[in-house]
Amino acid sequence: QVQLVESGGGLVQAGGSLRLSCTASGRTFGINAMGWFRQVPGKEREFVAAVSWNTGTTDYAEITEGRFSISRDNAKYTMSLQMNSLKPSDTAVYYCAAVAGRSSWMVRVAGYYEYWGQGTQVTVSS
């Protein structure tokens, strides 16, 4: 089993920045990809960004518009999401996700992931 814990959410004004972190523990040796999703009430959970653990290959959703940057620390099994130029439309609960034992690259699909954190709230005010 893998446990994921997110941190770094909060309240910021439009144009501000936040850095989210996700730390994995447990059977982390099998993780091959980790990603970030976000969700607001009444809407589907949507993909934000993902990173391959071995190669560092990244994938970003178009909605990030170049404002976000994902990274990972292999030694600590920690993934971060640097969010800049935040907009009110970025307001959501952000979830960390991880998958192990798969070689396919379907990181944009929520069902692809096996493990999920509890989420951290990001609120961007006008």
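Only heavy atoms go into these numbers, but all of them, side chains included; no hydrogens, no water, no symmetry mates.
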What residues form a side chain to side chain donor-acceptor pair (under 3.5 Å) with [X], not counting sequence neighbours?
X: S104; value: none
X: Q1; value: none
X: N54; value: none
X: K76; value: none

(message) Under the salt bridge (charged side-chain N to carboxylate O under 4.0 Å, His left out) definition, can you give me all pairs with a residue in residues 28-40, not counting sequence neighbours?
(response)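 For residues 28-40: R38-E46, R38-D90.
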
(message) Quick test of your reading: applying salt bridge (charged side-chain N to carboxylate O under 4.0 Å, His left out), list the pairs with at least one residue in residues 106-126, sequence neighbours left out, ordered by first then second residue.
(response)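 Residue pairs passing salt bridge (charged side-chain N to carboxylate O under 4.0 Å, His left out), neighbours aside: D59-R108, E62-R108.
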
(message) Nearest 0.5 Å, please: how far is OG in S52 from CZ in R72?
(response)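 The distance works out to 7.0 Å.
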
(message) Using 0.5 Å steps for rounding, measure from the CD atom of E65 to the CD1 atom of I63.
(response)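 Here the rounded value is 8.5 Å.
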
(message) If we ignore hydrogens and angles and just use 3.5 Å, is the side chain of R67 paired with the main-chain N or O of S85 as donor and acceptor?
(response)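 Flag set: sc R67 to bb S85 pair under 3.5 Å.
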
(message) Tell me if a side-chain donor or acceptor on T64 pairs with a main-chain N or O of A61 at a distance below 3.5 Å.
(response)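 Checking the backbone N and O of A61 against the side chain of T64, a donor-acceptor pair under 3.5 Å is found.
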
(message) To check you understand the geometry: which heavy-atom pair defines the closest contact between V40 and A92, and what is its length?
(response)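 Result for this residue pair: CG1-CB, 3.5 Å.
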
(message) So, using ring pair (Phe, Tyr, Trp, His ring centres under 6.0 Å) as the criterion, who are the partners of F37 when residues are at least two apart?
(response)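 Applying ring pair (Phe, Tyr, Trp, His ring centres under 6.0 Å) to F37 gives F47, Y113, W116.
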
(message) Holding to side chain to side chain contact (heavy atoms under 4.5 Å, CB included), I want the full list of residues that pass it with V5, two or more places apart in sequence or in another chain.
(response)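 Side chain to side chain contact (heavy atoms under 4.5 Å, CB included) check on V5 returns nothing, list empty.
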
(request) Return the set of residues passing side chain to side chain contact (heavy atoms under 4.5 Å, CB included) with T91 (not counting sequence neighbours), or none when no residue passes. (result)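 T91 satisfies side chain to side chain contact (heavy atoms under 4.5 Å, CB included) with Q121, T123, V124 only.
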
Does [X] belong to the same Ile/Leu/Val/Met/Phe/Trp/Tyr cluster as [Y], with side-chain heavy atoms less than 4.5 Å apart forming each link?
X: V93; Y: V122; result: no
X: M79; Y: M83; result: yes
X: L81; Y: Y115; result: yes

Identify each donor-acceptor pair in which a side-chain atom of residues 23-34 lies under 3.5 Å from a protein atom, sequence neighbours left out, and give them as a table.
residue: T23; atom: OG1; partner: T78; partner atom: OG1; Å: 3.3
residue: N32; atom: OD1; partner: G101; partner atom: N; Å: 3.3
residue: N32; atom: OD1; partner: R102; partner atom: N; Å: 3.3
residue: N32; atom: ND2; partner: R102; partner atom: O; Å: 2.7

(message) What I'd like to find out is whether the side chain of Y60 reaches to under 4.5 Å of the side chain of S69, using heavy atoms alone.
(response)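 SC-SC contact between Y60 and S69 confirmed.
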
(message) Can you confirm whether more than 12 heavy atoms, excluding those of E44, are under 6.0 Å from its CD atom?
(response)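 Counting other residues, nucleotides and ligands, CD of E44 stays at 12 neighbours or fewer.
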
Under 3.5 Å, sequence neighbours excluded: what are the donor-acceptor pairs made by side chains of residues 13-22?
residue: S17; atom: OG; partner: N84; partner atom: OD1; Å: 2.9
residue: R19; atom: NH1; partner: Q82; partner atom: OE1; Å: 3.3

(message) Once ring-ring contact (aromatic ring centres under 6.0 Å, His included) is applied, what residue pairs with a partner in residues 68-110 remain, sequence neighbours excluded?
(response)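 The answer is W53-Y77.
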
